[in-house]
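Side chains included, hydrogens not; waters and symmetry mates left out as well; all remaining heavy atoms used. Chain letters run A, B, ... following the sequence lines, proteins first and then strands; every chain starts at 1.
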Amino acid sequence: MEKIENSDFKQIGNKLLSWYKENARDLPFRQTKNPYKIWICEIVFQQTRINQGLNHYNNFIKRFPDVKTLAESLEDEVLLYWKGLGYYSRAINIHKAAQQIMNDYHGAFPHEYDEILKLKGVGKYTAAAVSSICFDGKIPAVDGNFYRVLSRIFADDFDISNSRAFIYFSELAHLILPENVGDFNQAMMDLGSEICKPKNPLCHECPLNKNCLAFSLNKVSEFPVKTKKVKANDLDLKYYFVHRNGEFLIQQRKDDFIWKKLFEFPPEISEELIPFIKSVKTVNHKLTHKNLSIEIFNVEVDSEEVWKDFIAKNDFIVTNVEDSHEKSFPKPLENYIENYHTAYRIL
DNA sequence: AACACGGGGAA
DNA sequence: TTCCCAGTGTT
(Lines give C-alpha, C1' and ligand atoms only; values in the text may rest on other atoms or scores of the structure.)
Protein backbone atom coordinates (compact mmCIF):
# COMPACT_ATOMS: atom_id res chain seq x y z
CA MET A 1 0.00 0.00 0.00
CA GLU A 2 3.06 2.22 0.44
CA LYS A 3 3.28 2.94 -3.27
CA ILE A 4 -0.01 4.80 -3.33
CA GLU A 5 -0.17 8.25 -1.79
CA ASN A 6 -3.07 9.10 0.48
CA SER A 7 -4.07 11.91 -1.83
CA ASP A 8 -4.75 9.36 -4.56
CA PHE A 9 -7.40 7.52 -2.58
CA LYS A 10 -10.15 10.07 -3.08
CA GLN A 11 -9.78 10.21 -6.83
CA ILE A 12 -10.22 6.47 -7.19
CA GLY A 13 -13.90 6.58 -6.30
CA ASN A 14 -14.50 9.49 -8.63
CA LYS A 15 -12.66 7.82 -11.50
CA LEU A 16 -14.88 4.81 -10.98
CA LEU A 17 -17.97 7.03 -11.14
CA SER A 18 -16.78 8.58 -14.39
CA TRP A 19 -16.28 5.13 -15.88
CA TYR A 20 -19.69 4.01 -14.63
CA LYS A 21 -21.38 6.98 -16.24
CA GLU A 22 -20.25 5.72 -19.64
CA ASN A 23 -20.21 1.98 -19.07
CA ALA A 24 -23.09 1.13 -16.74
CA ARG A 25 -24.91 -2.03 -17.71
CA ASP A 26 -28.44 -1.51 -18.97
CA LEU A 27 -30.47 -3.41 -16.38
CA PRO A 28 -34.20 -3.17 -15.60
CA PHE A 29 -33.59 -1.98 -12.03
CA ARG A 30 -31.14 0.74 -13.02
CA GLN A 31 -33.73 3.32 -14.09
CA THR A 32 -35.46 3.39 -10.71
CA LYS A 33 -34.95 4.41 -7.11
CA ASN A 34 -38.09 2.60 -6.07
CA PRO A 35 -36.95 0.91 -2.83
CA TYR A 36 -39.27 -2.04 -3.40
CA LYS A 37 -37.73 -2.84 -6.76
CA ILE A 38 -34.19 -2.26 -5.55
CA TRP A 39 -34.82 -4.46 -2.53
CA ILE A 40 -36.24 -7.28 -4.65
CA CYS A 41 -33.36 -7.10 -7.11
CA GLU A 42 -30.79 -7.18 -4.30
CA ILE A 43 -32.38 -10.33 -2.88
CA VAL A 44 -32.82 -12.03 -6.25
CA PHE A 45 -29.21 -11.45 -7.23
CA GLN A 46 -27.64 -12.59 -3.98
CA GLN A 47 -25.16 -15.29 -4.96
CA THR A 48 -26.77 -15.24 -8.39
CA ARG A 49 -25.46 -14.02 -11.74
CA ILE A 50 -27.40 -11.34 -13.56
CA ASN A 51 -28.14 -13.55 -16.55
CA GLN A 52 -29.39 -16.32 -14.32
CA GLY A 53 -31.85 -14.22 -12.33
CA LEU A 54 -33.02 -11.63 -14.85
CA ASN A 55 -36.16 -13.44 -15.97
CA HIS A 56 -37.05 -14.31 -12.40
CA TYR A 57 -36.69 -10.66 -11.40
CA ASN A 58 -38.86 -9.40 -14.27
CA ASN A 59 -41.56 -12.02 -13.71
CA PHE A 60 -41.52 -11.38 -9.97
CA ILE A 61 -41.96 -7.60 -10.34
CA LYS A 62 -44.71 -8.10 -12.90
CA ARG A 63 -46.68 -10.43 -10.62
CA PHE A 64 -45.84 -8.63 -7.35
CA PRO A 65 -45.45 -4.96 -8.40
CA ASP A 66 -45.48 -3.51 -4.88
CA VAL A 67 -45.14 -4.32 -1.20
CA LYS A 68 -48.87 -4.61 -0.63
CA THR A 69 -49.42 -7.09 -3.44
CA LEU A 70 -46.54 -9.22 -2.22
CA ALA A 71 -47.64 -9.09 1.42
CA GLU A 72 -51.16 -10.21 0.54
CA SER A 73 -50.05 -13.09 -1.67
CA LEU A 74 -49.74 -16.71 -0.62
CA GLU A 75 -46.30 -17.99 0.30
CA ASP A 76 -46.66 -20.87 -2.13
CA GLU A 77 -47.12 -18.50 -5.04
CA VAL A 78 -44.05 -16.49 -4.02
CA LEU A 79 -42.13 -19.77 -3.99
CA LEU A 80 -43.51 -20.61 -7.42
CA TYR A 81 -41.98 -17.43 -8.79
CA TRP A 82 -38.72 -18.37 -7.09
CA LYS A 83 -38.69 -21.85 -8.67
CA GLY A 84 -35.27 -22.74 -10.01
CA LEU A 85 -33.46 -19.81 -8.40
CA GLY A 86 -32.20 -21.68 -5.35
CA TYR A 87 -31.70 -20.48 -1.77
CA TYR A 88 -35.43 -20.69 -1.19
CA SER A 89 -35.35 -19.10 2.25
CA ARG A 90 -34.91 -15.87 0.31
CA ALA A 91 -38.43 -16.24 -1.07
CA ILE A 92 -39.90 -17.10 2.31
CA ASN A 93 -38.11 -14.16 3.95
CA ILE A 94 -39.03 -11.72 1.19
CA HIS A 95 -42.67 -12.57 1.75
CA LYS A 96 -42.37 -12.14 5.52
CA ALA A 97 -40.52 -8.86 5.10
CA ALA A 98 -43.31 -7.49 2.90
CA GLN A 99 -45.74 -8.22 5.71
CA GLN A 100 -43.31 -6.60 8.15
CA ILE A 101 -43.36 -3.42 6.06
CA MET A 102 -47.16 -3.43 5.97
CA ASN A 103 -47.49 -4.05 9.70
CA ASP A 104 -44.57 -2.11 11.17
CA TYR A 105 -44.18 0.73 8.65
CA HIS A 106 -47.74 1.14 7.35
CA GLY A 107 -46.64 -0.09 3.93
CA ALA A 108 -43.99 2.61 3.49
CA PHE A 109 -40.50 1.24 2.88
CA PRO A 110 -38.22 2.33 5.76
CA HIS A 111 -35.58 4.94 4.84
CA GLU A 112 -33.00 4.36 7.56
CA TYR A 113 -30.28 1.74 7.29
CA ASP A 114 -30.96 0.45 10.80
CA GLU A 115 -34.64 0.01 10.01
CA ILE A 116 -34.05 -1.64 6.63
CA LEU A 117 -31.70 -4.03 8.39
CA LYS A 118 -34.57 -5.28 10.56
CA LEU A 119 -36.39 -6.76 7.58
CA LYS A 120 -36.28 -10.55 7.24
CA GLY A 121 -33.62 -11.69 4.82
CA VAL A 122 -31.99 -8.26 4.72
CA GLY A 123 -28.40 -8.21 5.94
CA LYS A 124 -25.70 -5.59 6.06
CA TYR A 125 -25.06 -5.72 2.33
CA THR A 126 -28.67 -5.35 1.20
CA ALA A 127 -29.45 -2.68 3.79
CA ALA A 128 -26.46 -0.67 2.56
CA ALA A 129 -27.44 -1.12 -1.08
CA VAL A 130 -31.07 -0.03 -0.64
CA SER A 131 -30.08 2.79 1.71
CA SER A 132 -27.45 4.20 -0.64
CA ILE A 133 -29.29 3.71 -3.95
CA CYS A 134 -32.73 4.87 -2.82
CA PHE A 135 -32.16 7.19 0.14
CA ASP A 136 -28.67 8.62 -0.36
CA GLY A 137 -27.22 6.60 2.51
CA LYS A 138 -23.45 6.87 2.76
CA ILE A 139 -22.71 3.18 3.33
CA PRO A 140 -20.65 0.95 1.02
CA ALA A 141 -22.53 -2.19 -0.04
CA VAL A 142 -19.67 -4.60 0.42
CA ASP A 143 -20.05 -7.81 -1.54
CA GLY A 144 -17.83 -10.23 -3.40
CA ASN A 145 -17.01 -7.56 -5.97
CA PHE A 146 -15.75 -5.19 -3.26
CA TYR A 147 -13.54 -7.94 -1.84
CA ARG A 148 -12.00 -8.59 -5.22
CA VAL A 149 -11.61 -5.01 -6.47
CA LEU A 150 -10.34 -3.56 -3.20
CA SER A 151 -7.96 -6.42 -2.45
CA ARG A 152 -6.41 -5.88 -5.89
CA ILE A 153 -6.25 -2.08 -5.74
CA PHE A 154 -4.46 -2.23 -2.41
CA ALA A 155 -2.73 -5.56 -3.02
CA ASP A 156 -4.22 -6.51 0.32
CA ASP A 157 -3.95 -10.14 1.35
CA PHE A 158 -6.61 -10.00 4.05
CA ASP A 159 -8.36 -13.38 3.88
CA ILE A 160 -11.84 -12.83 2.43
CA SER A 161 -13.05 -16.05 4.02
CA ASN A 162 -12.35 -14.49 7.41
CA SER A 163 -15.51 -13.46 9.27
CA ARG A 164 -14.13 -9.95 9.74
CA ALA A 165 -13.63 -9.43 5.99
CA PHE A 166 -16.86 -7.47 5.73
CA ILE A 167 -15.74 -4.95 8.37
CA TYR A 168 -12.22 -4.84 7.01
CA PHE A 169 -13.19 -4.11 3.42
CA SER A 170 -15.90 -1.69 4.52
CA GLU A 171 -13.19 0.44 6.09
CA LEU A 172 -11.07 0.08 2.97
CA ALA A 173 -14.03 1.18 0.86
CA HIS A 174 -14.46 4.30 2.97
CA LEU A 175 -10.99 5.40 1.89
CA ILE A 176 -12.14 5.81 -1.71
CA LEU A 177 -15.83 6.58 -1.12
CA PRO A 178 -17.11 9.48 -3.28
CA GLU A 179 -20.14 11.66 -2.60
CA ASN A 180 -22.57 9.59 -4.65
CA VAL A 181 -22.41 6.30 -2.76
CA GLY A 182 -25.41 4.78 -4.51
CA ASP A 183 -23.78 5.03 -7.92
CA PHE A 184 -20.44 4.05 -6.43
CA ASN A 185 -21.89 0.83 -5.06
CA GLN A 186 -23.44 -0.06 -8.39
CA ALA A 187 -20.28 0.93 -10.23
CA MET A 188 -18.27 -1.51 -8.13
CA MET A 189 -20.68 -4.27 -9.15
CA ASP A 190 -20.27 -3.47 -12.84
CA LEU A 191 -16.52 -3.11 -12.62
CA GLY A 192 -16.24 -6.39 -10.74
CA SER A 193 -18.50 -8.12 -13.22
CA GLU A 194 -17.21 -6.69 -16.50
CA ILE A 195 -13.58 -5.73 -15.86
CA CYS A 196 -12.17 -6.86 -12.54
CA LYS A 197 -13.39 -10.43 -13.01
CA PRO A 198 -12.25 -13.36 -10.84
CA LYS A 199 -10.52 -15.01 -13.78
CA ASN A 200 -8.82 -13.24 -16.68
CA PRO A 201 -9.58 -9.67 -15.58
CA LEU A 202 -9.42 -7.02 -18.32
CA CYS A 203 -6.82 -4.87 -16.58
CA HIS A 204 -5.80 -3.06 -19.77
CA GLU A 205 -9.37 -1.69 -20.00
CA CYS A 206 -9.69 -0.93 -16.30
CA PRO A 207 -10.23 2.73 -15.39
CA LEU A 208 -8.38 2.11 -12.14
CA ASN A 209 -5.31 0.28 -13.44
CA LYS A 210 -3.12 3.33 -12.71
CA ASN A 211 -4.28 3.13 -9.09
CA CYS A 212 -4.09 -0.63 -8.75
CA LEU A 213 -1.15 -1.85 -6.72
CA ALA A 214 -1.68 -5.49 -7.64
CA PHE A 215 -1.61 -4.55 -11.33
CA SER A 216 1.54 -2.48 -10.95
CA LEU A 217 3.17 -5.44 -9.20
CA ASN A 218 1.87 -7.84 -11.85
CA LYS A 219 0.21 -9.83 -9.06
CA VAL A 220 -3.47 -9.39 -9.89
CA SER A 221 -4.04 -13.14 -9.98
CA GLU A 222 -2.89 -13.42 -6.36
CA PHE A 223 -5.86 -11.43 -5.10
CA PRO A 224 -8.19 -11.80 -3.39
CA VAL A 225 -6.77 -14.26 -0.89
CA LYS A 226 -9.26 -16.92 0.12
CA THR A 227 -8.18 -19.84 2.28
CA LYS A 228 -11.42 -21.49 3.28
CA LYS A 229 -12.34 -24.48 1.21
CA VAL A 230 -15.95 -25.58 0.86
CA LYS A 231 -16.35 -29.31 1.08
CA ALA A 232 -19.16 -31.03 -0.78
CA ASN A 233 -20.91 -33.76 1.16
CA ASP A 234 -22.71 -36.71 -0.34
CA LEU A 235 -26.43 -36.91 0.22
CA ASP A 236 -28.58 -39.87 -0.78
CA LEU A 237 -32.31 -39.31 -1.20
CA LYS A 238 -35.04 -41.80 -2.00
CA TYR A 239 -38.40 -40.96 -3.55
CA TYR A 240 -41.40 -42.90 -4.76
CA PHE A 241 -43.16 -41.56 -7.82
CA VAL A 242 -46.58 -43.03 -7.07
CA HIS A 243 -48.87 -42.52 -10.05
CA ARG A 244 -52.02 -43.75 -11.73
CA ASN A 245 -53.73 -42.45 -14.89
CA GLY A 246 -51.55 -39.39 -15.11
CA GLU A 247 -51.99 -38.44 -11.47
CA PHE A 248 -49.19 -38.62 -8.91
CA LEU A 249 -48.61 -37.95 -5.22
CA ILE A 250 -46.62 -35.12 -3.65
CA GLN A 251 -46.10 -33.40 -0.31
CA GLN A 252 -44.60 -30.13 0.84
CA ARG A 253 -41.18 -30.05 2.50
CA LYS A 254 -40.47 -28.40 5.83
CA ASP A 255 -38.36 -25.27 6.06
CA ASP A 256 -35.53 -26.78 8.08
CA PHE A 257 -33.28 -28.31 5.41
CA ILE A 258 -32.65 -28.02 1.68
CA TRP A 259 -35.42 -27.00 -0.70
CA LYS A 260 -37.40 -25.21 2.01
CA LYS A 261 -41.18 -25.42 1.48
CA LEU A 262 -40.79 -26.93 -1.97
CA PHE A 263 -42.81 -29.95 -3.07
CA GLU A 264 -41.47 -33.47 -3.38
CA PHE A 265 -42.58 -37.05 -3.98
CA PRO A 266 -43.31 -39.39 -1.05
CA PRO A 267 -40.00 -40.35 0.56
CA GLU A 268 -41.46 -43.69 1.63
CA ILE A 269 -44.42 -45.95 0.94
CA SER A 270 -46.27 -48.66 2.81
CA GLU A 271 -46.05 -52.41 2.15
CA GLU A 272 -49.10 -52.75 -0.10
CA LEU A 273 -47.52 -50.50 -2.78
CA ILE A 274 -44.29 -52.46 -3.12
CA PRO A 275 -45.73 -54.89 -5.71
CA PHE A 276 -46.47 -51.91 -7.97
CA ILE A 277 -42.84 -50.78 -8.21
CA LYS A 278 -42.06 -50.97 -11.93
CA SER A 279 -38.57 -49.54 -12.14
CA VAL A 280 -36.05 -47.32 -10.42
CA LYS A 281 -34.03 -44.44 -11.76
CA THR A 282 -31.01 -42.83 -10.13
CA VAL A 283 -30.60 -39.12 -10.69
CA ASN A 284 -27.34 -37.43 -9.83
CA HIS A 285 -27.59 -33.76 -9.03
CA LYS A 286 -24.70 -31.52 -8.14
CA LEU A 287 -25.14 -28.65 -5.72
CA THR A 288 -22.50 -26.27 -4.41
CA HIS A 289 -22.14 -28.03 -1.09
CA LYS A 290 -23.66 -31.39 -1.85
CA ASN A 291 -23.49 -34.22 -4.31
CA LEU A 292 -27.00 -35.59 -4.46
CA SER A 293 -27.84 -39.10 -5.51
CA ILE A 294 -31.58 -39.45 -5.84
CA GLU A 295 -33.21 -42.85 -6.24
CA ILE A 296 -36.68 -42.47 -7.71
CA PHE A 297 -38.88 -45.57 -7.71
CA ASN A 298 -41.52 -45.60 -10.40
CA VAL A 299 -44.65 -46.91 -8.71
CA GLU A 300 -47.51 -47.37 -11.15
CA VAL A 301 -50.57 -48.38 -9.19
CA ASP A 302 -52.67 -50.61 -11.43
CA SER A 303 -55.32 -51.15 -8.80
CA GLU A 304 -57.81 -48.36 -8.21
CA GLU A 305 -58.69 -49.88 -4.86
CA VAL A 306 -55.11 -49.80 -3.61
CA TRP A 307 -54.65 -46.29 -5.04
CA LYS A 308 -57.66 -44.86 -3.24
CA ASP A 309 -56.85 -46.73 -0.07
CA PHE A 310 -53.31 -45.39 -0.01
CA ILE A 311 -54.47 -41.82 -0.60
CA ALA A 312 -57.07 -42.13 2.16
CA LYS A 313 -54.48 -43.33 4.65
CA ASN A 314 -51.89 -40.65 3.88
CA ASP A 315 -51.64 -36.88 3.69
CA PHE A 316 -50.17 -36.76 0.23
CA ILE A 317 -51.51 -34.30 -2.34
CA VAL A 318 -52.86 -35.75 -5.59
CA THR A 319 -51.71 -33.78 -8.62
CA ASN A 320 -50.91 -34.19 -12.28
CA VAL A 321 -48.35 -32.77 -14.68
CA GLU A 322 -50.43 -29.74 -15.60
CA ASP A 323 -51.37 -28.82 -12.04
CA SER A 324 -47.84 -29.47 -10.81
CA HIS A 325 -46.70 -26.48 -12.87
CA GLU A 326 -48.44 -24.36 -10.24
CA LYS A 327 -46.12 -25.70 -7.57
CA SER A 328 -42.43 -25.25 -6.94
CA PHE A 329 -40.31 -28.40 -7.19
CA PRO A 330 -36.57 -28.90 -6.72
CA LYS A 331 -34.80 -28.90 -10.06
CA PRO A 332 -34.10 -32.65 -10.30
CA LEU A 333 -37.70 -33.51 -9.43
CA GLU A 334 -39.02 -30.98 -11.91
CA ASN A 335 -36.86 -32.62 -14.56
CA TYR A 336 -38.24 -36.01 -13.61
CA ILE A 337 -41.81 -34.77 -13.95
CA GLU A 338 -41.07 -33.34 -17.38
CA ASN A 339 -39.62 -36.66 -18.52
CA TYR A 340 -42.66 -38.46 -17.16
CA HIS A 341 -44.86 -36.01 -19.03
CA THR A 342 -43.07 -36.76 -22.29
CA ALA A 343 -43.25 -40.50 -21.76
CA TYR A 344 -46.88 -40.37 -20.69
CA ARG A 345 -47.92 -38.45 -23.81
CA ILE A 346 -46.41 -41.13 -26.00
CA LEU A 347 -48.55 -43.82 -24.41
C1' DA B 1 -16.53 -18.30 14.14
C1' DA B 2 -18.20 -21.86 11.31
C1' DC B 3 -21.52 -23.80 8.66
C1' DA B 4 -25.83 -24.44 5.72
C1' DC B 5 -28.17 -23.06 1.86
C1' DG B 6 -29.35 -23.93 -5.08
C1' DG B 7 -28.34 -23.47 -9.33
C1' DG B 8 -25.81 -22.27 -13.34
C1' DG B 9 -21.94 -20.50 -16.05
C1' DA B 10 -17.06 -19.93 -17.01
C1' DA B 11 -12.41 -21.68 -17.38
C1' DT C 1 -13.57 -30.61 -11.90
C1' DT C 2 -13.27 -26.13 -9.46
C1' DC C 3 -14.60 -21.63 -8.55
C1' DC C 4 -17.84 -18.16 -7.53
C1' DC C 5 -21.69 -15.24 -8.10
C1' DA C 6 -25.60 -7.93 -6.03
C1' DG C 7 -25.25 -12.83 1.21
C1' DT C 8 -28.16 -14.18 5.20
C1' DG C 9 -29.57 -16.99 9.07
C1' DT C 10 -28.50 -20.29 12.44
C1' DT C 11 -25.79 -22.54 15.86
In chain order, what residues pass the salt bridge (charged side-chain N to carboxylate O under 4.0 Å, His left out) check against A:Glu222, with sequence neighbours excluded? none
Salt bridge (charged side-chain N to carboxylate O under 4.0 Å, His left out) against A:Glu179, all qualifying residues, sequence neighbours excluded: A:Lys138
For [X], which contact category applies under a 4.0 Å heavy-atom criterion: base, sugar-phosphate, or nothing?
| X | result |
| --- | --- |
| A:Phe146 | nothing |
| A:Val44 | nothing |
| A:Ile43 | nothing |
| A:Lys228 | base |
| A:Arg148 | sugar-phosphate |
| A:Phe257 | sugar-phosphate |
| A:Arg30 | base |

Between [X] and [Y] (salt bridge meaning N to carboxylate O under 4.0 Å), is one present in this structure?
| X | Y | result |
| --- | --- | --- |
| A:Lys118 | A:Glu115 | yes |
| A:Lys219 | A:Asp157 | no |
| A:Asp309 | A:Lys313 | yes |

Rounded to the Å, how far apart are [X] [atom1] and [N] [atom2]?
| X | N | atom1 | atom2 | result |
| --- | --- | --- | --- | --- |
| A:Leu85 | B:dC5 | CG | P | 18 Å |
| A:Lys254 | B:dC5 | NZ | P | 17 Å |
| A:Phe45 | B:dG7 | CZ | P | 17 Å |
| A:Trp259 | B:dG6 | CH2 | P | 9 Å |
| A:Arg90 | B:dC5 | CZ | C1' | 10 Å |
| A:Leu292 | B:dG6 | CG | C1' | 10 Å |

For the [atom1] atoms, the ones on [N] and on [M], what distance do you get once it is rounded to whole angstrom?
| N | M | atom1 | answer |
| --- | --- | --- | --- |
| C:dT10 | B:dG7 | C1' | 22 Å |
| C:dT8 | B:dG9 | C1' | 23 Å |
| B:dC3 | C:dA6 | P | 24 Å |

Quick one about [Y] and [X] (side-chain donor to acceptor, distance below 3.5 Å, no hydrogens or angles considered), yes or no?
| X | Y | value |
| --- | --- | --- |
| A:Asn180 | A:Asp183 | yes |
| A:Gln46 | A:Arg90 | no |
| A:Asn162 | A:Tyr168 | no |
| A:Asn314 | A:Gln251 | no |
| A:Glu305 | A:Ser303 | no |
| A:Thr319 | A:Glu326 | no |

Given a cutoff of under 4.5 Å between side-chain heavy atoms of I, L, V, M, F, W and Y, with clusters grown through shared members, what are the other residues clustered with A:Trp307? A:Tyr240, A:Val242, A:Leu249, A:Ile269, A:Leu273, A:Ile274, A:Phe276, A:Ile277, A:Val280, A:Phe297, A:Val299, A:Val301, A:Val306, A:Phe310, A:Ile311, A:Phe316, A:Val318
Residue whose nearest DNA chain B nucleotide is more 5′ - A:Asn162 or A:Tyr87: A:Asn162
Earlier contact from the 5' end, DNA chain B, for A:Lys231 and A:Gln46: A:Lys231
If you assign each of A:Gly121 and A:Cys41 to its closest nucleotide in DNA chain C, which residue comes earlier from the 5' end? A:Cys41
On DNA chain C, more 5' by nearest nucleotide between A:Ser193 and A:Leu117 is A:Ser193
Among the nucleotides B:dG7, B:dG6, B:dA4, which one has an atom lying closest to any side-chain atom of A:Thr48? B:dG6
Kindly point out which of B:dA4, B:dC5, B:dA1 is positioned nearest to the side chain of A:Asn233? B:dA4
A:Lys308 atom NZ, neighbour heavy-atom count above 12 within 6.0 Å: no
Anything below 3.5 Å on both distances counts as a pair; with that, list the stems of at least three consecutive Watson-Crick or G-U pairs involving DNA chain B. B:1-5 with C:7-11, B:7-11 with C:1-5
Got a list of protein N/O to nucleotides 8-11 of chain B N/O distances below 3.5 Å?
unit_1, atom_1, unit_2, atom_2, d
B:dG8, O4', A:Gln52, NE2, 3.4

Contacted region of DNA chain C by chain A, from 5' end to 3' end of the hits, cut-off under 4.0 Å to heavy atoms, spans C:dT2 to C:dG9
